[in-house]
Amino acid sequence: MNVGLVIGRYGDALQVGDGVCAAGDGGAHHEVVVRLVVYRPFIEEVCIGTILASSEEGIQVTMGFFDDIFIPAYWMLRPSLYDRELSLWVWTPNYDEEEGEENNDDYQETDPNIKSEEDVRKEGCVVIDENKEKEDSRDEEKEVEDRFEMYIGAEIRFKVKSINFTQVTKTAKGVQATTTTTSHSEKGNASNSDGLRKRSSSVDLSYQQKVPSSMGIVASICEDGLGLTSWWAAADQEEEPEEDMA
């Protein structure tokens, strides 16, 4: 039964059965009923962790007591890229350019003293496009400013998309790992009333040295408000005075 990650025992044992001796074992085996503290987030739950490692495949996140949280590349904020020199993922948002174009149009309409390029040529003057130079410098500054690096050790807010439970067993064919995945289902494909879908898959581990973890979480930061908490801290501080004035 996939209940989650066991953190520890809660309180004393509720029930202890009689001891049973197994053949070839000098110890006594007791059936015990206890209460456990278990961690298992629900699907679409928003959690906060710390970036532990970064690779081209995605980001590994830790919560201190649990390290098997992975944010794959396809669940990053868009657009994002992997910087091989820094070995970090970088969010490079594209802000709308319509606001800048509207501001330029308003400036030209409200300032009738600005001469057109054709009028300057008639006067025999050299045309110097200062606006273009300013735009180029702004673009260079924007390229530097619009890079949000997801550095190691940063606090990150993520949303749980799926939970994987893996059970490793030894069979006549070798060592096999059976993984059961619970994720949010699309409409019409849900296996229960909660809108969740479960599917299982088996992998042969006979020729693999690395054994998968018994529990793993696949997460996403592909929404506003997710990602590094420092990205949205400034926006939250700006909204607070407006709420106080209201």
*Is any side-chain heavy atom of D67 closer than 4.5 Å to a side-chain heavy atom of Q60?*
yes
Side-chain H-bond candidate by donor/acceptor type, T229 with E155, under 3.5 Å = yes
Checklist entry - How far apart are the C-alpha atoms of V218 and S162, what are their side-chain angles, what is the distance that settles it, and do they pass the side-chain contact (heavy atoms from CB on, under 4.5 Å) test? => result CA-CA 5 Å; V218 177; S162 64; 3.2 Å; yes
Value for CD (Q15) from CD (E31), rounded to nearest 0.5 Å, stands at 7.5 Å
The residue among F148, Y151, W91 that forms side chain to side chain contact (heavy atoms under 4.5 Å, CB included) with L228 is Y151
Mark yes when over 12 heavy atoms from residues, nucleotides or ligands other than D25 sit less than 6.0 Å from its CG; otherwise mark no. yes
Sequence neighbours excluded, the answer for side-chain contact (heavy atoms from CB on, under 4.5 Å) partners of F65 is L5, I7, Y39, M63
(request) Determine, stepwise, if the pair I43 / I163 fulfils side-chain contact (heavy atoms from CB on, under 4.5 Å). (result) CA-CA 8 Å; I43 304 300; I163 303 176; 4.0 Å; yes
- Checking R157 side chain against V46 main chain: does a donor-acceptor pair fall under 3.5 Å? no
For this session: Check for a donor-acceptor pair, side chain of R9 on one end and backbone N or O of G11 on the other, with a separation under 3.5 Å.
Result: yes
Check your understanding: Where do I152 and S54 land on the side-chain contact (heavy atoms from CB on, under 4.5 Å) test, with the steps shown first?
Key -> CA-CA 8 Å; I152 306 299; S54 182; 4.1 Å; yes
Within a strict 4.5 Å, meaning less than it, do heavy atoms of the I71 and I156 side chains meet?
yes
Taken in chain and number order and not counting sequence neighbours, the residues that satisfy side chain to side chain donor-acceptor pair (under 3.5 Å) with T181 are N164
CG of D68 to CD1 of I217, rounded to nearest 0.5 Å, is 8.5 Å
- Message: Between E223 and K159, is the salt bridge (charged side-chain N to carboxylate O under 4.0 Å, His left out) condition met? List the steps.
- Response: CA-CA 9 Å; E223 293 182 26; K159 178 178 286 188; 3.1 Å; yes
So CH2 of W89 and CE of M150: to nearest 0.5 Å the spacing works out to 8.0 Å
Exercise for the section: State, yes or no, whether a side-chain contact exists between V3 and R40 at a heavy-atom distance under 4.5 Å. Expected result: no
Those residues at least two apart in sequence (or on a different chain) that pass salt bridge (Lys or Arg N to Asp or Glu O under 4.0 Å) with K161 are E44
Check: Should Y82 and I59 count as side-chain neighbours, where that means a heavy-atom distance under 4.5 Å?
Finding: no
Does the H29 side chain pair with the main chain of V20, one donor and one acceptor, at a distance under 3.5 Å?
no
Problem - Ion pair check, R147 and D83, cut-off under 4.0 Å - result: yes
Interatomic distance, CG@L226 vs SG@C47, rounded to 0.5 Å, equals 10.5 Å
Close side-chain approach of R78 and C222, heavy atoms under 4.5 Å:
yes
